[in-house]
Amino acid sequence: MSETTQNKNQDQDQNQGRNQGHSQDQIGSEGGGGREGGREVRRVVHVAVYDTYADWETGHTTAHLTQRGYEVRTVGFAAGRPVTTMGGIRIQPDLALADLRPEDSALLVLTGASLWDTGDELAPFAAKAEEFLAAGVPVAAICGATAGLARAGVLDNRAHTSGASFYLGGQPGYAGAAHYVEADAVTDGDLITAGPTEPVAFAREVFARLGTYAPDVLDAWYRLFHDSDASAYPVLMAAAEAGDA
């Protein structure tokens, strides 16, 4: 894993913001707010939660989406039945997975969990991701969730990344090796993937897909939170004063 991470760091500049088959002009139809094209735009993001959920992997994503006006709702096997994260935090899901509909959501987030690597208990969440993608609603998967998508065949014909190519290569039924990309995070149409060491790049791709920030503001956001680049701070402050961050 350390060798793969080193390769990703070396290629970070050329891979940053990599987006397969998706242009800036297309982003944000689900995330713009208000009305767009005569229809109401969805502002709810759904985050899947289950036991052993890697709670640090979505922190940047959910915190900043909330600040930008999104409602974040948690989805579990059963509404009201608490799950315990890898960090020992108990979460009571807002919604049962069976009741989640793509048309009610702007994005489905699948985070890593030990359970992705111990069997197919979380397979229904991968199936829900397939349903979202078929409906044209974005899905963002990080860490072990990419393995679940690999086993479900979701990655077979889409550009994607993960913690390491051999990690996905060991997943039963995976046939997407030709589409694996050595990058911090990858967007291919409505699918976003990232490895376990890249929660900031993961958030960056989500924000780009939903049109959360203007490109220059997003660049500054990433430089500040990923690189601790102090020169990005004035850009974000100016954007905040203008209501753009």
Side-chain angles (χ1 to χ4, degrees), residues 1 3-5 7-8 11 14-23 26-27 29-30 46-48 50 53-54 57-58 61 75 97-98 100-103 105-199 201-202 204-206 208-210:
M1 181 68 74
E3 182 179 349
T4 302
T5 302
N7 290 337
K8 287 184 180 181
D11 293 336
Q14 70 183 60
N15 287 324
Q16 182 172 333
R18 180 165 185 150
N19 187 315
Q20 302 289 328
H22 191 79
S23 70
Q26 293 172 304
I27 65 176
S29 60
E30 290 81 17
H46 291 91
V47 177
Y50 19 74
Y53 165 93
E57 291 179 343
T58 57
T61 301
V75 182
L97 182 65
L100 176 61
R101 305 186 309 166
E103 58 265 35
S105 185
L107 172 76
L108 173 63
V109 179
L110 300 179
T111 193
S114 299
L115 288 178
W116 286 113
D117 294 322
T118 57
D120 289 325
E121 182 178 344
L122 300 183
F125 289 93
K128 184 63 69 172
E130 288 189 272
E131 183 183 338
F132 265 59
L133 292 169
V137 180
V139 171
I142 185 170
C143 190
T146 62
L149 296 187
R151 293 193 295 270
V154 175
L155 307 182
D156 289 352
N157 298 298
R158 294 179 172 94
H160 60 275
T161 194
S162 184
S165 58
F166 58 80
Y167 172 60
L168 293 187
Q171 303 302 320
Y174 173 62
H179 300 286
Y180 188 89
V181 180
E182 287 288 352
D184 53 10
V186 170
T187 299
D188 186 345
D190 288 324
L191 178 65
I192 297 164
T193 51
T197 62
E198 299 292 349
F202 181 67
R204 180 197 68 211
E205 295 300 296
V206 169
R209 177 61 187 84
L210 296 182

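With sequence neighbours excluded, the residues forming a side chain to side chain contact (heavy atoms under 4.5 Å, CB included) with A201 are D184, A185, E198, R204, Y222, listed by chain and number.
Counting heavy atoms from C-beta on, the side chains of D190 and R209 come closer than 4.5 Å. The side-chain heavy atoms of F202 and V109, taken from C-beta on, include a pair separated by under 4.5 Å. In this structure, L191 and L133 have side chains that are in contact, with non-hydrogen atoms separated by less than 4.5 Å. The side-chain heavy atoms of F125 and L108, taken from C-beta on, include no pair separated by under 4.5 Å. H160 has its side chain out of reach of L149: every pair of non-hydrogen atoms, C-beta onward, lies at least 4.5 Å apart.
Put simply, the side chain of T193 gets close to the backbone of T161: a donor and an acceptor are under 3.5 Å apart. A donor-acceptor distance shorter than 3.5 angstrom exists from the side chain of W116 to the backbone of T111, with no hydrogens or angles considered. Proximity of a side-chain donor or acceptor of E57 to a complementary backbone N or O of G112 within less than 3.5 Å is detected.
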With a cut-off of 3.5 Å and sequence neighbours excluded, list every side-chain donor-acceptor pair involving residues 137-147.
from, atom 1, to, atom 2, distance (Å)
T146, OG1, C143, O, 2.6
T146, OG1, S162, OG, 2.7

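Sorted by first and then second residue, the salt bridge (charged side-chain N to carboxylate O under 4.0 Å, His left out) pairs with a member in residues 146-160 read D120-R151; sequence neighbours excluded.
Annotation for E131 and P102: closest pair OE2-CD, 3.3 Å, computed over non-hydrogen atoms. Considering all non-hydrogen atoms of both residues, Y53 and T58 come closest at OH-OG1, 2.7 Å.
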